[in-house]
2 protein chains.
Amino acid sequence: MSPARVDTGAPTALLERAMDILGCFDPKHSALTLTQIAEITKLPMSTCHRIVGTLEQGGFLSKGSDRKFRVGTKLWTIAQHAPLSERLRESALPTLARLYEETGENVTLAVLDRGQALYVDRLVGERSIPTISRAGGHLPLHTTGVGKVLLAYQPEKAIEQYLATPLTRPTPQSITQPDALRKDLAEVRKNGYSITRQEMTRGSGSVAVPIMRNGRCVAAVGVIVHLNRLDVNRLVSTLTDAAASIAAELDGH
Amino acid sequence: MSPARVDTGAPTALLERAMDILGCFDPKHSALTLTQIAEITKLPMSTCHRIVGTLEQGGFLSKGSDRKFRVGTKLWTIAQHAPLSERLRESALPTLARLYEETGENVTLAVLDRGQALYVDRLVGERSIPTISRAGGHLPLHTTGVGKVLLAYQPEKAIEQYLATPLTRPTPQSITQPDALRKDLAEVRKNGYSITRQEMTRGSGSVAVPIMRNGRCVAAVGVIVHLNRLDVNRLVSTLTDAAASIAAELDGH
DNA sequence: TCAGAAACTTCCATCACATGAAACTTTAGT
DNA sequence: ACTAAAGTTTCATGTGATGGAAGTTTCTGA
């Protein structure tokens, strides 16, 4: 008789722990000491030490001379073969570069990931304003230009599901009423672009358009500008061209 | 009495296997079925299945509708916090974009990784020629523009160690004689830039310059062009400016 | 449409390997 | 030099990984 396998919901514990450890590395923690990792993951030091050591051997982490661990080149290399990098980023980069040159503004490329906008790439220069978005970062769908586009082109069901969860409010201008957002999204679908005005950051606005493929919105491109430089018509036209160019590049492969 | 722990050289087997599985994803295999993974890693199907399942749950892999696995967004997100992305790529991208616009040629950014040139980024357009280098890919040091720069600025000892291993020869023009390479590297250090002519790919050449920080060469930028368009003087000057600009951006943070 | 094969998934008895408290060593701070 | 904190090693214990085999689904071709 099997001795009452309790099934605490913790099988493959080791692997899950290892993934937790790697998950510690986020925008706020790009370099961590062993102790910090143990604290965040709540793992015993010795266990943590062993796992981190193995990850380091495999090149998934690397230890600096400051005794801090960072994400290793092996992990980075593997990640470059994610569809996100291989297809999207690679295809979009030249166009984004042109877009950046033409506008001189912050340019971002994002996809939908787990109910948030995942920034695949962004180009920021001295001329442009500082932003929160960063490559590899997640931001809410309803407060960003690219996010609203990504959400607008989702199936009805997914939209309602998103609206069912409480909507965060980073600024007073953020849209947090489900009905107001539904209206806004309908507008986005009608126009083919989204606009935000101080919905994420005070003083800046954004315009974004979808990148369509086979009738589905696979990504969104947007620019973030100072509110008083928000020339919607010009930006929409430039962005639409860029989106078409990226879509063509995606099909070209 | 411990029953003669054999220590077959396979401790933390599970984690190592998981890393092996992730390592299957390379430029030639960006999408793999479970069976393919099992074949490559030589793991039993059932074991492979379980590990892959856990990795998928953690978002490190994702299964497409074609039953193939790809690198997941979680892994990709973590990788964006590698110093490679966070510091280097992010700082260099606007400059690379400008470089690409100015030259219209293939632009690459690389660092030294495990005795090879690791391509951190590249910009390729329709106007430029196809290349083998790709973001996340590795190429030899002695046959590429960026590679020769990275090698030239290494300590003597590291250079000799590299020369001690047999030098591959992708084309007849590749430098494979240690003495010839030593001479070439000295030239690179003297001039502050490297030139290749058909040493990696027939018909194309390249120019590359170092990105210096605190007297150390932390990366290299280069362009790859058709042999008959190889205007060394112009490219060197443009590249040197770009390298200085990236170095400034790196310090700025 | 259906049979057969290939790919994938589940099961479970066995024991190898991960576990983590404790002891030990190294590093940083005063 | 001394002390505290961070990091590393050890080892008895039993949990949880293992993988062959059996079951299920999906694909292929006639």
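Naming: A, B, ... by sequence-line order, numbering from 1 per chain.
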Engineer: Is any side-chain heavy atom of B:Cys48 less than 4.5 Å from a side-chain heavy atom of B:Ile21?
Structural biologist: yes

Engineer: For DNA chain D, find the residues of residues 31-50 of chain A with a heavy-atom distance under 4.0 Å and give them by number; none if there aren't any.
Structural biologist: A:Thr33, A:Leu34, A:Thr35, A:Met45, A:Ser46, A:His49

Engineer: Between A:Glu16 (CD) and C:dT19 (P), how many Å, whole number?
Structural biologist: 12 Å

Engineer: Please list, chain by chain and in numerical order, all residues satisfying salt bridge (Lys or Arg N to Asp or Glu O under 4.0 Å) with A:Arg89, sequence neighbours excluded.
Structural biologist: A:Asp121, B:Asp121

Engineer: For the residue pair B:His81 and A:His29, establish whether any side-chain heavy-atom pair is separated by less than 4.5 Å.
Structural biologist: no

Engineer: With sequence neighbours excluded, what pairs up with B:Glu56 under the side chain to side chain donor-acceptor pair (under 3.5 Å) test?
Structural biologist: none

Engineer: Find the distance A:Arg17:CZ to D:dG16:C1' and express it as a whole number of Å.
Structural biologist: 11 Å

Engineer: Protein-nucleotides 26-30 of chain C N/O pairs closer than 3.5 Å?
Structural biologist:
none

Engineer: Could you tell me whether the side chains of A:Asp113 and B:Thr73 share a donor-acceptor contact shorter than 3.5 Å?
Structural biologist: yes

Engineer: Kindly calculate the angle separating the two end axes of the helix from C:dT1-D:dA30 to C:dT30-D:dA1, each obtained from five base pairs, and round it to 10 degrees.
Structural biologist: 70°

Engineer: Can you confirm whether A:Met200 sits close enough to A:Leu139 that some side-chain heavy atom of one is under 4.5 Å from a side-chain heavy atom of the other?
Structural biologist: yes

Engineer: If we only count heavy atoms from C-beta on, is the A:Thr144 to A:Tyr119 side-chain gap below 4.5 Å?
Structural biologist: yes

Engineer: So, using side chain to side chain donor-acceptor pair (under 3.5 Å) as the criterion, who are the partners of A:Tyr153 when residues are at least two apart?
Structural biologist: none

Engineer: Check whether any side-chain N or O of B:Lys63 sits under 4.0 Å from OP1 or OP2 of C:dT9, and answer yes or no.
Structural biologist: yes

Engineer: Check the distance between D:dG19's C1' and B:Leu14's CG and give it to me in whole angstrom.
Structural biologist: 14 Å

Engineer: Between D:dT15 atom C1' and A:Leu15 atom CG, what is the distance in whole Å?
Structural biologist: 16 Å

Engineer: So does B:Arg202 have more than 12 non-hydrogen atoms from other groups sitting under 6.0 Å from CZ?
Structural biologist: no

Engineer: Calculate the interatomic distance between B:Ile51 atom CD1 and C:dC8 atom P; express it in whole Å.
Structural biologist: 16 Å

Engineer: Just so I know, are the side chains of B:Val71 and A:Leu84 near enough to count as touching, which here means a heavy-atom distance under 4.5 Å?
Structural biologist: no

Engineer: I want to check something: taking the side chain as every heavy atom from C-beta on, are A:Lys63 and A:Leu34 in contact at a cut-off of under 4.5 Å?
Structural biologist: no

